Undergrad: 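I have a structure here, written as structure tokens, and I will follow up with some questions on it.
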Amino acid sequence: MIRVLLVDDQPLLRSGFRALLDVEDDIEVVAEAADGQEGLALAREHLPDIALIDIQMPVMDGIEATRRIAADPALARVHVVILTNYGLDEHVFHALRAGAAGFLVKDIEPEDFLHSVRVAARGDALLAPSITRKLINRYVTEPLHTGADTNLNGLTNRERESVALVAQGLSNDQIAERMVISPLTAKTHVNRAMAKLHARDRAHLVVLAYESGLVAPRHR
């Protein structure tokens, strides 16, 4: 059973998402919150698998709530998925840097929404390769804190290569093809790199790859 926490200051939207989720046999909405502070408290109380969190809310916004969830070892298994009206905007990028596993636009089709919840519950980032490329093109070409505290020295050459390819928006199958290895081996390289870098997911790995200077931004 996938346990979901809904955090949004609009009751109508929460009701709509809940109506979609409640009819699924493998998904359970365990709690709802109207702001980030309440959502954080409920996350600690219920330990959901997924926290669907709106970006802009009163009291505590979604970015700060995401940051606090990501920083709490007791909530390490809670995957935050950001809800936004605006698609790829600066708030989404800040949320990903804060530790979100991905994001969904609120006008998503119902079947895509349900699929995304299941993908996030598996621990996979909700960043399709096309979305990752958009993220990179729009934000990573802007100045970032490259050379930050991320230390890549513990990675093997193959792990570094796989991280660089993740940062280019490639899937595991595409990484396998590029590196001439099996998809399982590609996944292993990515997972080991994530573990060594303490990356919560692929979204976080993309940010670390650029902030560490492993991958250089391609300016337009």
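For clarity, every value in this text was computed on a predicted model and none was experimentally measured.
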Undergrad: Please identify each residue that fulfils side-chain hydrogen bond (donor to acceptor under 3.5 Å, both in side chains) with Asn191, with sequence neighbours left out.
TA: none

Undergrad: Rounded to the nearest 0.5 Å, how far does CD1 of Ile175 lie from CD of Glu161?
TA: 9.5 Å

Undergrad: Identify the heavy atoms of Asn153 and Arg160 that sit nearest to each other, and give their distance.
TA: N-NH1, 4.5 Å

Undergrad: Does the side chain to side chain contact (heavy atoms under 4.5 Å, CB included) test come out yes or no for Leu165 and Met179, once each step is laid out?
TA: CA-CA 9 Å; Leu165 294 174; Met179 295 177 65; 3.7 Å; yes

Undergrad: Which residue pairs satisfy the salt bridge (charged side-chain N to carboxylate O under 4.0 Å, His left out) criterion with at least one member in residues 173-186, sequence neighbours excluded?
TA: none

Undergrad: Listed by chain and number, what are the salt bridge (Lys or Arg N to Asp or Glu O under 4.0 Å) partners of Asp22, not counting sequence neighbours?
TA: Arg18

Undergrad: What residues form a side-chain hydrogen bond (donor to acceptor under 3.5 Å, both in side chains) with Thr185, not counting sequence neighbours?
TA: Ser182

Undergrad: Just to verify, what does Ala193 make a side chain to side chain contact (heavy atoms under 4.5 Å, CB included) with, not counting sequence neighbours?
TA: Leu155, Glu159, Val163

Undergrad: Considering the options Leu104, Ile53, Ile108, which one meets the side-chain contact (heavy atoms from CB on, under 4.5 Å) requirement together with Leu83?
TA: Leu104

Undergrad: Can you name the side chain to side chain contact (heavy atoms under 4.5 Å, CB included) partners of Met1, sequence neighbours left out?
TA: Glu28

Undergrad: Which heavy atom of His189 sits nearest to which heavy atom of Ser162, and what is that distance?
TA: CB-OG, 3.7 Å

Undergrad: Side-chain heavy atoms under 4.5 angstrom apart, residues restricted to Ile, Leu, Val, Met, Phe, Trp, Tyr: same cluster for Val30 and Val117?
TA: no

Undergrad: Determine all donor-acceptor pairs shorter than 3.5 Å in which one atom belongs to a side chain in residues 64-72; sequence neighbours excluded.
TA:
residue : atom : partner : partner atom : Å
Glu64   : OE1  : Arg67   : NH1          : 2.7
Glu64   : OE2  : Arg68   : NE           : 2.8
Thr66   : OG1  : Gly62   : O            : 2.7
Asp72   : OD1  : Ala74   : N            : 2.9
Asp72   : OD2  : Arg44   : NE           : 3.2

Undergrad: In residues 35-43, what donor-acceptor pairs under 3.5 Å come from side-chain atoms, sequence neighbours left out?
TA:
residue : atom : partner : partner atom : Å
Asp35   : OD1  : Gln37   : N            : 3.0
Asp35   : OD1  : Glu38   : N            : 2.8
Glu38   : OE1  : Ala34   : N            : 3.1

Undergrad: Is there a side chain to side chain contact (heavy atoms under 4.5 Å, CB included) between Val190 and Lys187? Walk through the geometry before answering.
TA: CA-CA 5 Å; Val190 172; Lys187 182 177 181 180; 5.8 Å; no

Undergrad: Any side-chain heavy atom of Arg158 sitting closer than 4.5 Å to one from Ile181?
TA: yes

Undergrad: Is there a side chain to side chain contact (heavy atoms under 4.5 Å, CB included) between Ile50 and His79? Walk through the geometry before answering.
TA: CA-CA 5 Å; Ile50 304 294; His79 302 291; 3.9 Å; yes

Undergrad: Is any side-chain heavy atom of Pro48 closer than 4.5 Å to one of Val78?
TA: yes

Undergrad: Who pairs with Asp49 by side-chain hydrogen bond (donor to acceptor under 3.5 Å, both in side chains), at least two apart in sequence or on another chain?
TA: none

Undergrad: Can you give me every donor-acceptor pair (side chain of residues 2-14, partner residue at least two apart or in another chain, under 3.5 Å) with its distance?
TA:
residue : atom : partner : partner atom : Å
Arg3    : NH2  : His46   : O            : 2.5
Asp8    : OD1  : Gln10   : N            : 2.8
Asp8    : OD2  : Lys106  : NZ           : 2.9
Arg14   : NE   : Glu32   : OE1          : 2.9
Arg14   : NH1  : Asp8    : O            : 2.6

Undergrad: Asp26: what forms a salt bridge (Lys or Arg N to Asp or Glu O under 4.0 Å) with it, not counting sequence neighbours?
TA: Arg118

Undergrad: Using side chain to side chain contact (heavy atoms under 4.5 Å, CB included) as the criterion, list what pairs up with Glu111, not counting sequence neighbours.
TA: Glu109

Undergrad: How long is the straight-line distance from CE of Met57 back to CD1 of Ile63, given to the nearest 0.5 Å?
TA: 10.0 Å

Undergrad: Do Leu114 and Leu21 have side-chain heavy atoms sitting under 4.5 Å apart?
TA: yes

